[in-house]
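Computed from a predicted structure; not experimentally measured.
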Amino acid sequence: MKKEIKNKVNIIIKSITKFLKKYASTNILFLSYVILSVLVGFSLRWATIGNKYIFKPIFCDIAVALLIGAFGYLFKPKYQFRYFFSWLFFAVALAIANTIYYQFFKSFISVNLISTASMIGEVNDSLFEKMHFYQFLYLIYLFIFIFIHKKLSKKNYYFEVEKIEKGKRMFTYTLASSGIIVLLLSITLTGTDLSRLIKQWNRDYVVQKFGLYVYTINDMVQSMQPKIDTLFGYDESAKTFREYYSCRWENDNKKKNEYTDIFKGKNLVFIHMESMQNFLLDLEFNGEKVTPNINRLASEGIYFSRFYPQISTGTSSDTEFTLLTGLMPSASGTVFVNYYDRDYKSMPKYFDDLGYYTFSMHANNAEYWNRKTMHNSLGYKEFYAKDSYEVPTDTKDPNYVGLGLSDKSFFKQILPILNDINDTKSPYFGTIITLSNHSPFNSLDKYDPIDVTMKYTEVNENGEEEEKTAKYIDGTPMGNYVKSAHYADAALGQFFEDVENGSFADDTVFILYGDHEARLAKSQFDLLYNYDPKTDERIPENDENYYSLDNYKYDLLKNTPLIIWTKDKKFQKEITDVMGMYDILPTVANMFGFEEKYALGHDIFSDNEKIVVFPNGNVLTNKVYYSNLNNNYVVLTDETIDEDYITRISSNAEKILDVSNGIIRHDLIKKEADKIGECNSEEK
């Protein structure tokens, strides 16, 4: 009996082996396409998020490759190469584009970004700076596929296969195989997986769990969201919106604090400091501070040392939107380009209701990030854009720095306009958006000089101390950024010297904020903090002076300065609570004496819990920094943190993102605000 069973098993094994050998020998091109497509997806994850040993996305990539590859069997074998090569070329191009984009934005490309492609011309130098040889290594897979095709052609492979291949049957079998894999994968999906796939606001998570191809297909579906919003999802979003704000209005702390109405009736001017990061305030090189003027303003005013922008793919435009509305950036596309026609409750509108004249100033094209339209939609009465200034066309002109008009020339040219506004249109609310300190930080010959080398003392062979100079960060992206920021700080310093000497600042509150981080690689910070001048190399990790910069610390270094400054009152106060861009509107509302209802942040001086939610679902509190991608966290204090706390803040983050996206997609403030009722006790 055992012998018969063994013989049957051997026969089955031989049959399977024979089938597999025959299948492999007659489907070489198809299998090569599938394997190379999977390798492209694998390489993309390895080059970006780095989680290369997760198997689920590999099976997702196989399922998509089988699905696409199945249709190749509907062509005769001699034409299949063109079909498979076209799709492999698309996969390679997709991987190259995403790798470059990830280097720049730490995210993956969305179809919605096609509508912002016109912005690339303005920052092409930044884009080229981020390009590296390794980003194009995917092309190897194309050459391998061509090589395989040439070999097969020489062996009359296509002629022989055509005799035996049953295209329609292979199409059906391959399609079914793809379906089986999809079915098996769907069984393993958790509620979190499904939720994040549908919402797609955490792109890293989707690519990590489902692979590049599923992400791209899903993104294409998501890109149609603005067009189908009126048909799907409205009711659920509206219900969430009404429930959230009914409880928020009931539970929100409305108590007064020491800053309530402190600036009521005063003018307000925001200064948007391009790419200015907070770590710069602690830096000096050979005794010279990098940002002496910002440091002075921070020491005199109210300085928020743990302030974080909450940007997505819209970068500066996301900052403007969140600052003015207290909402989060859009999960798909950018608000300024894709959702500009909604009715947002914004800071310019609140001040307009108080009788303020509202304006914005920026020396770039009015159409860039669709600002001309969006600034009007947000409530600015006037936008002083590029055509309001004398902007040199010659990039070699000393007044052309970074992307256009230098900050020094910009501040000089806006002073007469500001003085006129001060004399004729008070009270006023305005936003001044700087430009020079924008990547790629390559106007080196026009920046104010600052030496970013390192001077050190070394004992020579004669036992004498000898002063030497090491290169340090000179000539590196970090060094160039420091020089650019030093220039921007000097321009800002001159501006404040001018306004302090005049009457413009007498009754005006200035709020300065860094709009986003400079997108410097972690390796640049490693060099900054772990440089050994004697070896001109990084300090080894086993050195007691080595500063370990993990991903959490790297993320936490992305905070930017936020300063509230007035000429007549020196607060000299530092706020160390964590704060997000969406907290500014409610904080300003408290200080200037008006009520706002829809900001998702809180007055930073209230006793509400301090929590910063990022568009990718990460959460920062005074206690922890939680990574939504890895479902992990790092504790920032000595306090013990339990899982209930993490569950609560992550759930809160998801609710905030859902509410914000519902408002943006469905224009809910306009359509549903009057339907907000009493808070359901369960929602409290």
Side-chain angles (χ1 to χ4, degrees), residues 37-38 40-65 67-68 90-91 94-114 178 181-182 184-226 233 310-314 318 328-334 338 551 555 613-619 626-632 650-651 653-654 656-658 660-661 665:
S37 295
V38 172
V40 169
F42 177 88
S43 301
L44 178 280
R45 293 190 298 279
W46 180 84
T48 53
I49 53 182
N51 293 308
K52 49 188 179 296
Y53 300 120
I54 298 177
F55 292 101
K56 185 181 287 187
I58 293 177
F59 286 105
C60 288
D61 289 348
I62 292 173
V64 175
L67 174 64
I68 293 172
F90 175 75
L94 194 65
I96 291 173
N98 272 285
T99 304
I100 296 172
Y101 187 84
Y102 195 90
Q103 179 74 14
F104 198 93
F105 292 106
K106 298 303 176 188
S107 185
F108 295 97
I109 288 176
S110 170
V111 174
N112 279 299
L113 295 173
I114 294 174
S178 175
I181 295 175
V182 170
L184 292 174
L185 287 170
S186 65
I187 295 173
T188 68
L189 287 179
T190 64
T192 300
D193 290 339
L194 189 59
S195 173
R196 293 180 184 176
L197 179 65
I198 293 171
K199 295 172 182 176
Q200 188 123 323
W201 40 258
N202 190 333
R203 297 177 184 177
D204 281 20
Y205 186 92
V206 176
V207 173
Q208 182 194 63
K209 295 292 185 181
F210 300 98
L212 174 64
Y213 309 129
V214 171
Y215 163 79
T216 303
I217 294 169
N218 190 54
D219 179 66
M220 291 175 69
V221 174
Q222 293 287 338
S223 69
M224 299 170 64
Q225 189 76 38
Q310 295 157 291
I311 62 167
S312 184
T313 56
D318 284 344
M328 298 293 292
S330 171
S332 59
T334 60
N338 302 99
N551 288 335
D555 279 353
V613 175
F614 296 96
N616 63 0
N618 289 3
V619 185
Y626 165 76
S627 170
N628 181 47
L629 175 64
N630 302 315
N631 192 29
N632 207 343
S650 60
S651 297
E654 186 165 350
I656 285 174
L657 291 167
D658 284 346
S660 185
N661 280 308
R665 289 175 173 174

Indicate the atoms forming the closest heavy-atom contact of [X] with [Y], along with that distance.
{"X": "Ser37", "Y": "Ala65", "value": "CB-CB, 4.2 Å"}
{"X": "Ala653", "Y": "Gly617", "value": "CB-O, 4.3 Å"}
{"X": "Asn630", "Y": "Gln208", "value": "OD1-NE2, 4.0 Å"}
{"X": "Asn628", "Y": "Asn616", "value": "ND2-O, 2.9 Å"}
{"X": "Ala331", "Y": "Arg665", "value": "CB-NH2, 4.2 Å"}
{"X": "Ile109", "Y": "Asn98", "value": "N-OD1, 2.9 Å"}

Within-4.5 Å side-chain heavy-atom neighbours: Val40 and Leu94: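 Counting from C-beta outward, Val40 and Leu94 never come under 4.5 Å.
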Once you round to the nearest 0.5 Å, how far does [atom1] of [X] lie from [atom2] of [Y]?
{"X": "Ile96", "Y": "Leu44", "atom1": "CD1", "atom2": "CG", "result": "10.5 Å"}
{"X": "Ile656", "Y": "Asn661", "atom1": "CD1", "atom2": "CG", "result": "12.0 Å"}
{"X": "Leu185", "Y": "Lys56", "atom1": "CG", "atom2": "NZ", "result": "7.0 Å"}
{"X": "Leu657", "Y": "Ser330", "atom1": "CG", "atom2": "OG", "result": "11.0 Å"}
{"X": "Ile58", "Y": "Arg45", "atom1": "CD1", "atom2": "CZ", "result": "5.5 Å"}
{"X": "Ile49", "Y": "Arg203", "atom1": "CD1", "atom2": "CZ", "result": "13.5 Å"}

Short side-chain donor-acceptor distance under 3.5 Å, Tyr626 and Asn631: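 Yes - a donor-acceptor pair under 3.5 Å links their side chains.
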Modelled atom types, side-chain donor and acceptor of Asp193 and Thr190, under 3.5 Å: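 Indeed, the side chains of Asp193 and Thr190 share at least one donor-acceptor pair under 3.5 Å.
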Derivation and outcome, side-chain contact (heavy atoms from CB on, under 4.5 Å), residues Val64 and Phe210: CA-CA 10 Å; Val64 175; Phe210 300 98; over 6 Å; no
Between Phe108 and Tyr102, ring centroids under 6.0 Å: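 Ring centroids of Phe108 and Tyr102 are less than 6.0 Å from each other.
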Are any side-chain N or O atoms of [X] and backbone N or O atoms of [Y], one a donor and one an acceptor, separated by less than 3.5 Å?
{"X": "Asp318", "Y": "Ser312", "value": "yes"}
{"X": "Asn338", "Y": "Thr334", "value": "yes"}
{"X": "Gln310", "Y": "Val613", "value": "yes"}

